[in-house]
Every structure is written in structure tokens, then in C-alpha cells.
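As C-alpha cells, the structure follows; a few thoughts come after it.
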Amino acid sequence: MNKYERAAVGAVALMLLAGGAIFFYAPTDYLQGVVQRIFYLHVSSAIAAYGCFAVVLVGGLVYLRKETPEADRVARAGAVVGVVFTTVTLVMGMLWAKPIWNTYWTWDARLTSTLVLWIIYAGYLLVRRMADPGRQAARLAAVVGIFGFIDVPIVHFSVTWWRTQHPGPIVVNDALPPEMLATFLFTLMCTLAFAAVLIGIRYRIETVLDARLHATEPAPIIPTAGEPEAVP
Amino acid sequence: MIYLVIAYAFAIAVLGGFLIWSLRTLRGLERKP
């Protein structure tokens with residue numbers, strides 16, 4: 001078992017503990033019933049996705065400034081993990097909405113801006129996959145990643161900027177009972193640790209793939225000493 | 001109740017599946033010469 005597999009086992013153990021807190025420690029909500037327990041992982045996944053996209057932002061900024069391949073790899077790793085967490089956020093939210101709102105989806109500001117966030121970073125991954133690997137693709141992706149991050153504060157503040165069907169901020173407004181708050185904070189910590197482990201594994205994959213790519217590229221023609229350089 | 005079960009089953013499938021797929025990809029890449 002290598003260090004990535006050991007980290008994965010630790011992250012899974014933390015998520016199992018979070019599951020235990022969600023199902024056996026947190027009290028059942030009086031109004032919503034058991035379906036309220038979706039909230040803990042739904043919100044934690046959303047915050048983990050914000051964190052992943054912040055990694056893409058920082059990686060993109062560093063890449064545009066220094067053009068280090070490490071920064072580009074970090075951005076690629078953050079984007080794919082962020083899209084996975086955004087998918088979990090969207091689907092869990094839809095499954096919460098059905099019994100509470102009697103519909104899976106409504107085009108309110110929070111849901112729509114989150115869907116746009118998913119599309120932006122799915123597009124980012126598509127650009128990376130379709131473009132030939134190299135400096136140009138990395139620079140283009142960095143710009144997409146940086147401008148795409150503009151949607152993160154829009155998603156976050158959408159419930160206060162516009163009148164939405166989605167519930168407003170309850171954690172910062174101190175609206176949760178202590179047991180629910182403790183469960184949420186613990187789940188958030190475990191989810192962030194899980195996301196960090198995933199980014200670490202994806203970073204390693206990108207590093208190995210980059211090394212393979214450079215190994216298969218033809219070596220640049222360097223004129224040897226004494227040999228005249230070609231004049232254009 | 002059914003929505004709660006489906007929601008967490010989906011989350012486990014996506015997050016767990018992505019973790020396992022990533023680990024298998026990494027293992028495959030590091031094993032190849």
C-alpha cells in the first residue's frame with residue numbers, strides 16, 4: 001500500500017465517522033423529518049467544490065505568472081475534483097427538493113448559478129481534453145479557470161442578493177441547534193480532508209501523465225558545437 | 001426516507017467510485033514501464 005492509498009483509507013474512515021454523526025448523533029429535524037440529513041453532505045460538498053475551484057484559481061494565476069507545470073497540474077487536479085463535488089451538491093439538492101418543494105428543480109438563482117458553475121468547469125475539463133497539451137492549452141485553461149471563479153461568490157451570495165426558493169444562510173445566522181452545528185462542522189472537516197486527498201491523488205496522476213508525455217515527445221534539435229546553425 | 005437513502009447512495013457511489021477509479025488509474029500508470 002503506497003502513501004496515496006493510505007491517505008485514501010484515512011479519508012474514507014473520516015467520511016464513515018461523518019456518516020455516523022449524520023445518522024446516529026444529529027437529531028431529526030422537527031419540520032423536515034429525516035430528509036433534512038441530506039443538508040450535512042450537500043452543504044459540505046458545495047464548500048469543498050468552492051475550495052477546489054479556489055485551487056484552480058490560484059493554480060491558474062501562478063501558471064500565467066510563472067508558467068510552472070506544477071501550477072497547471074494543481075489547477076487540473078482541482079478542476080476535476082471540484083466538478084465531482086459540484087455534481088454531488090446538485091444531485092443531493094435535487095433529492096432534498098423533491099419531498100420539500102414537491103419538485104426536483106426550479107430555476108431560482110442558487111440552483112441556476114450552481115448549474116452554471118458545473119458547466120463552466122466541465123467546459124474547462126473539456127478544453128483540457130480536446131486541446132493539444134502544451135503551453136497554449138494551459139494558458140487558455142488558466143484564463144477559463146480564473147474567470148470561471150467569478151461564479152463562486154455569485155453562487156454563495158445568490159440567496160442574499162435575490163429572492164430565492166433555496167433556503168438562506170443558516171450556519172452563519174446561528175440558526176442550527178448545537179448538535180446539528182457540531183455534526184455539520186465535523187462533516188465539513190471530513191469532506192475537506194477527503195477533497196484534499198483526491199486532489200493529491202489527481203496531482204500525482206497528472207505528474208505521471210506529464211512525464212510520459214515528455215518522454216514520448218521528439219527531442220528538440222540542438223546544434224552541436226562547430227555545426228553551423230540553419231539560417232532562415 | 002427513500003430520498004435520503006438515494007441521496008447518500010448516490011454520494012457514496014460518485015465519491016467512492018471516483019476515489020477508487022483514481023487510485024486504480026494511478027496504480028496502472030506507476031506499474032507501466
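Protein chains get the first letters and strands the later ones, always in sequence-line order, with residue 1 at the start of each. What's counted below: heavy atoms across the whole structure, side chains too, no hydrogens, waters or symmetry copies.
- In this structure, the portion of A:L198 lying under 4.5 Å from any heavy atom of chain B is its side chain and not its backbone.
- Taking both residues in full, the closest heavy atoms of B:Y3 and A:L95 are given as CB-O, 3.4 Å, listed atom of the first, atom of the second, then distance.
- Of the inter-residue distances, the one linking A:M1 atom CE with B:R27 atom CZ reads 8.0 Å to the nearest 0.5 angstrom.
- Only the side chain of A:R202 comes within contact range of chain B, with heavy atoms under 4.5 Å apart.
- Atoms CG and CG, from B:L23 and A:N2 in turn, are 7.5 Å apart once rounded to the nearest 0.5 Å.
- Atom-to-atom distance recorded for B:W21:CH2 and A:I201:CD1 is 12.0 Å, nearest 0.5 angstrom.
- Looking at A:V208, only its side chain comes within 4.5 Å of chain B, counting heavy atoms on both sides.
- Comparing B:V5, B:L15, B:I20 by heavy-atom pairs within less than 4.5 Å of chain A, the highest count is held by B:L15.
- Contacts between residues 100-130 of chain A and chain B, counted as heavy-atom pairs separated by less than 4.5 Å, involve A:Y104.
- Here the NZ-CD1 distance, from A:K98 to B:I6, works out to 11.5 Å after rounding to the nearest 0.5 Å.
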Are A:V81 and B:F18 close enough, and set up right, to give a side chain to side chain contact (heavy atoms under 4.5 Å, CB included), and what steps lead you there?
CA-CA 9 Å; A:V81 178; B:F18 183 68; 4.0 Å; yes

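- Distance OH/B:Y8 to CG/A:L41: 5.0 Å, rounded to 0.5 Å.
- Among A:M15, A:R37, A:Q36, the residue making the largest number of heavy-atom pairs under 4.5 Å with chain B is A:R37.
- Atoms CD1 and OG1, on A:I205 and B:T25 in that order, are 5.0 Å from each other to the nearest 0.5 Å.
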